[in-house]
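Here is the structure we will look at, set down as structure tokens.
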Amino acid sequence: MRHNKRSFYFNNHFMYDTIIVGAGFAGAVLAERLASQKQQRVLVIDKRRHTGGNCHDSYDGHGVLVHRYGPHLFHTSNRAVFQYLSQFTDWHHYEHSVLAYIDGQKVPVPFNLNTLSALFPASLAQSLENKLIGRYGYGTKVPILTLRAEDDPELKFLADFIYDKMFVNYTAKQWGCKPEDIAPEVTARVPVHISRDNRYFQDAYQALPKHGYSKLFDALLDHPAISVLLNTDYKQVLTIDFEREAMTAFGAPFNGNLIYTGPIDELFGYRLGSLPYRSLQFQFEHFNEAFFQEATTVNYPNNHDFTRITEFKRASGQKVDGTTILKEFPQDYDPQDSTRNIPYYPVFTDNNTALYRQYRALAESFGRLILVGRLAEYRYYDMDDIVERALQVFADEFA
Ligand code: FAD
Ligand code: UDP
């Protein structure tokens with residue numbers, strides 16, 4: 001599947017109906033659909049040495065399957081997305097569980113009635129539980145910022161406790177700001193659960209690709225009409241003239257479609273300024289022990305510079321001697337600094353969203369350009385969201 005640039009340059013530049021920048025879920029799903037359903041010839045370009053984008057996984061030196069760009073737990077309530085991906089992988093069913101280290105104890109996250117019982121004396125926990133159930137009903141979920149807006153003194157006391165112990169310092173590490181200074185949807189991803197369900201997600205389908213994400217991507221891209229060019233920044237082989245709506249690929253005019261899944265500000269040469277992102281540094285550690293910790297992920301809101309530790313074999317179910325963990329250290333993004341130049345998370349503030357919209361407007365007039373993906377759309381897409389989005393783009397634009 002992999003070709004060297006020289007043969008692309010001399011032989012293949014007339015061949016493609018669609019060129020896709022980025023071999024993550026957005027790019028790979030669209031490549032698969034276009035090749036298998038529309039008989040299109042597709043070129044996928046990625047600057048990394050592998051496909052899969054941030055979902056890439058591989059075996060470390062100790063034979064443990066690890067997620068190279070942070071823990072990726074697949075979960076969805078979208079049956080169509082699950083069925084679509086099931087064509088390309090078998091699954092290892094796994095429901096994610098997370099603990100947070102708070103006041104010397106490891107307690108369930110999202111904060112729920114079990115967390116309440118673990119952290120408060122029994123009578124106070126019972127009284128707060130009654131209050132929560134009376135106010136919201138059993139089985140509901142309440143974002144922390146909503147709970148904090150309560151007038152009731154007992155609920156307010158609880159909201160402040162959860163905010164202080166679980167959210168404020170974690171968010172400061174992850175985003176460099178307070179929870180209320182970032183879009184409320186971000187902290188609402190981990191709402192307070194008025195239930196005793198300790199699972200991190202409640203989706204109907206929760207699983208990991210049985211043989212890893214990389215094998216899933218190999219299967220998605222395994223089609224004779226799909227070519228993959230890795231280790232290549234698209235700017236090395238493509239030029240885009242937005243004013244004339246003209247493109248060249250490998251030096252020759254390219255009249256097909258461009259699907260772009262990289263950062264939108266980069267696509268426009270940062271002409272309106274840089275969009276902010278958060279980056280991460282990953283520290284993997286191996287131990288010659290069967291297991292390192294009590295749950296797949298333990299969050300450290302108030303201790304250490306990292307946000308969380310993930311132990312992969314607890315999620316993958318891999319039977320292997322020893323165990324490998326990952327610590328995630330959030331950091332500012334800087335495209336010029338190779339230690340912090342991967343834009344993992346768009347930073348969702350009103351100003352940044354406004355700047356994104358200006359970039360988006362620049363792209364609107366160029367009919368052959370399609371923007372899709374976490375970076376191109378500046379959205380907090382989970383894996384299932386981006387698969388759903390790619391399938392929708394295919395239906396809207398190509399079907
Ligand atoms: P990406 O995977 O980022 O792919 C974009 C690709 O474009 C990259 O491979 C990049 O190299 C390439 N590219 C960029 N610029 C260029 C260029 N100039 N030239 C060529 N190629 C370029 N989702 C979940 O559902 N569950 C999880 O548990 C989960 N955990 C996550 C943990 C972390 C730390 C992060 C960062 C994300 C997590 N996600 C999770 C989200 C998941 O990673 C995304 O939903 C998914 O990767 C989005 O796919 P994408 O194709 O839009 O982007
Ligand atoms: N969050 C927090 N404390 C936690 C877990 C999450 O403050 O123990 C906040 C934090 O702002 C984080 C957001 O909720 O960025 C979303 O958490 P999630 O686990 O969904 O983040 P991701 O896995 O996408 O990094």
Side-chain angles (χ1 to χ4, degrees), residues 20-30 44-56 67-76 96 98-102 107 109-111 143-144 162-163 165-175 177-179 182-183 185-191 200-201 203 206 208 213 217 229-238 259-264 266-267 277-280 282 296-302 307-308 310 315 326 328 330 335 342-346 348 371-377 379-387 389-390:
I20 300 178
V21 175
F25 263 123
V29 168
L30 276 157
V44 182
I45 302 171
D46 203 298
K47 65 181 178 186
R48 289 173 172 168
R49 293 176 181 275
H50 56 74
T51 62
N54 286 337
C55 308
H56 173 70
H67 300 170
R68 293 289 170 188
Y69 303 97
H72 277 72
L73 294 313
F74 185 81
H75 58 100
T76 189
H96 193 36
V98 179
L99 299 173
Y101 184 70
I102 289 176
V107 296
V109 186
F111 196 102
I144 183 60
I162 299 171
Y163 177 89
K165 302 281 185 179
M166 198 172 265
F167 282 92
V168 77
N169 294 328
Y170 189 107
T171 301
K173 281 192 262 189
Q174 178 73 8
W175 300 101
C177 68
K178 291 189 178 146
I182 193 134
E185 296 79 36
V186 172
T187 45
R189 286 168 59 88
V190 189
Y200 205 64
F201 309 113
D203 292 295
Q206 304 190 36
L208 297 182
Y213 287 98
F217 278 89
L229 181 59
L230 297 176
N231 201 18
T232 304
D233 192 304
Y234 77 90
K235 294 186 283 301
Q236 293 171 247
V237 296
L238 277 181
I259 296 175
Y260 181 80
T261 78
I264 189 169
E266 179 183 337
L267 180 65
Y277 303 92
R278 289 293 281 175
S279 193
L280 290 168
F282 297 118
T296 301
T297 297
V298 179
N299 290 356
Y300 289 86
N302 309 310
T307 48
R308 56 189 179 189
T310 296
L326 171 63
E328 292 171 67
I342 301 186
Y344 288 107
Y345 295 89
F348 304 96
L371 299 173
V372 48
R374 203 181 226 219
L375 301 169
E377 298 183 80
R379 294 279 300 271
Y380 207 144
Y381 284 132
D382 279 334
M383 291 182 280
D384 62 327
D385 300 323
I386 196 59
V387 173
R389 170 85 181 124

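Whatever order the structure lists ligands and atoms in, that order sets their numbers, starting from 1.
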Suppose we measure from atom 13 (C) of ligand 2 to each protein heavy atom; which comes out shortest, and what is that distance? V186 O, 3.5 Å
Hey, is D233 close enough to K235 for a salt bridge, meaning N to O under 4.0 Å? yes
min-distance protein heavy atom vs atom 17 (C) of ligand 1 -> Y234 CD2, 3.5 Å
Closer than 4.0 Å to some heavy atom of Y380 - which atoms of ligand 2 meet that? 21 (O), 22 (P), 24 (O), 25 (O)
Validation row, ring centre Y344 to ring centre F282 under 6.0 Å: yes
For the CZ atom of F167 and the OG1 atom of T187, what is their distance to the nearest 0.5 Å? 6.0 Å
Between D382, L73, L30, flag the one that comes closest to atom 26 (N) of ligand 1 by a heavy atom. L73
Y380 meets the ring pair (Phe, Tyr, Trp, His ring centres under 6.0 Å) criterion, sequence neighbours left out, with Y345, F348
Quick one: look at Y200 and ligand 2, take heavy-atom pairs under 4.0 Å, and tell me if it's side chain, backbone, both or neither. side chain
Any donor-acceptor N/O pair, R308 side chain to E328 backbone, under 3.5 Å: no
Just by modelled atom types, is the D384 backbone N or O under 3.5 Å from a matching donor or acceptor in the Y381 side chain? no
Let me know which of H50, H67, H72 forms a ring pair (Phe, Tyr, Trp, His ring centres under 6.0 Å) with H56. H50
When you look for heavy atoms under 4.0 Å from ligand 2, do you find them on the side chain of R308, its backbone, both, or neither? side chain
Non-hydrogen atoms of T76 versus ligand 1: any pair closer than 4.0 Å? no
Quick one: nearest non-hydrogen protein atom to atom 2 (O) of ligand 1, plus distance? N54 N, 3.0 Å
closest protein heavy atom to atom 7 (O) of ligand 1 is G22 CA, 3.3 Å
Closest protein heavy atom to atom 40 (C) of ligand 1, given as residue, atom name and distance to 0.1 Å: H72 CD2, 3.6 Å
From the options I162, V98, V190, L73, select the one whose nearest heavy atom is closest to atom 6 (C) of ligand 2. V190
Among non-hydrogen protein atoms, atom 25 (O) of ligand 1 lies closest to M383 N, 2.8 Å
Go through ligand 2 atom by atom and flag the ones less than 4.0 Å from a non-hydrogen atom of M166. 2 (C), 3 (N), 4 (C), 7 (O), 8 (O)
Ranked by distance from atom 32 (C) of ligand 1, the top protein heavy atom is P71 O, 3.5 Å
Would you confirm whether N302, through its side chain, and K165, through its main-chain N or O, come within 3.5 Å as a donor-acceptor pair? yes
Could you check whether any side-chain N or O of T261 sits under 3.5 Å from a backbone N or O of V21, counting only pairs where one atom can act as donor and the other as acceptor? yes
A26: numbered ligand 1 atoms lying under 4.0 Å from its heavy atoms: 51 (O), 52 (O)
Heavy-atom contacts with G373 under 4.0 Å: which atoms of ligand 1 show up? List them by number with element. 52 (O)
Checking R278 side chain against Q174 main chain: does a donor-acceptor pair fall under 3.5 Å? yes
For L280, counting its heavy atoms only, list the atoms of ligand 1 lying under 4.0 Å from any of them. 34 (C)
Can a donor-acceptor pair be found, under 3.5 Å and without considering hydrogens, that links the side chain of N299 to the backbone of P301? no
Taking atom 46 (C) of ligand 1 as the reference point, the nearest protein heavy atom with its distance: C55 SG, 4.2 Å
Which of the numbered atoms in ligand 2 are under 4.0 angstrom from any heavy atom belonging to Q174? 15 (O)
Should the pair Y101 and Y300 be assigned to parallel (<30°), tilted (30 to 60°) or perpendicular (>60°) ring geometry? tilted
Below 4.0 Å from any atom of ligand 1, is there a heavy atom belonging to Y69? yes
With a cut-off of 4.0 Å, which atoms of ligand 1 are near a heavy atom of P263? 14 (C), 15 (N)
Quick look: V21 vs ligand 1, heavy-atom contacts under 4.0 Å, and the answer is side chain
For ligand 2, which is the ligand I care about here, please tell me if N299 has any N or O atom under 3.5 Å from one of the ligand's N or O atoms. yes
Non-hydrogen atom of K235 closer than 4.0 Å to ligand 1: yes
Salt bridge or not between D382 and R189? Use side-chain N to carboxylate O under 4.0 Å. yes
The protein heavy atom nearest to atom 1 (N) of ligand 2 is Y170 CD2, 3.7 Å
Protein contact to atom 22 (C) of ligand 1 [nearest heavy atom, distance to 0.1 Å]: K47 CG, 3.9 Å
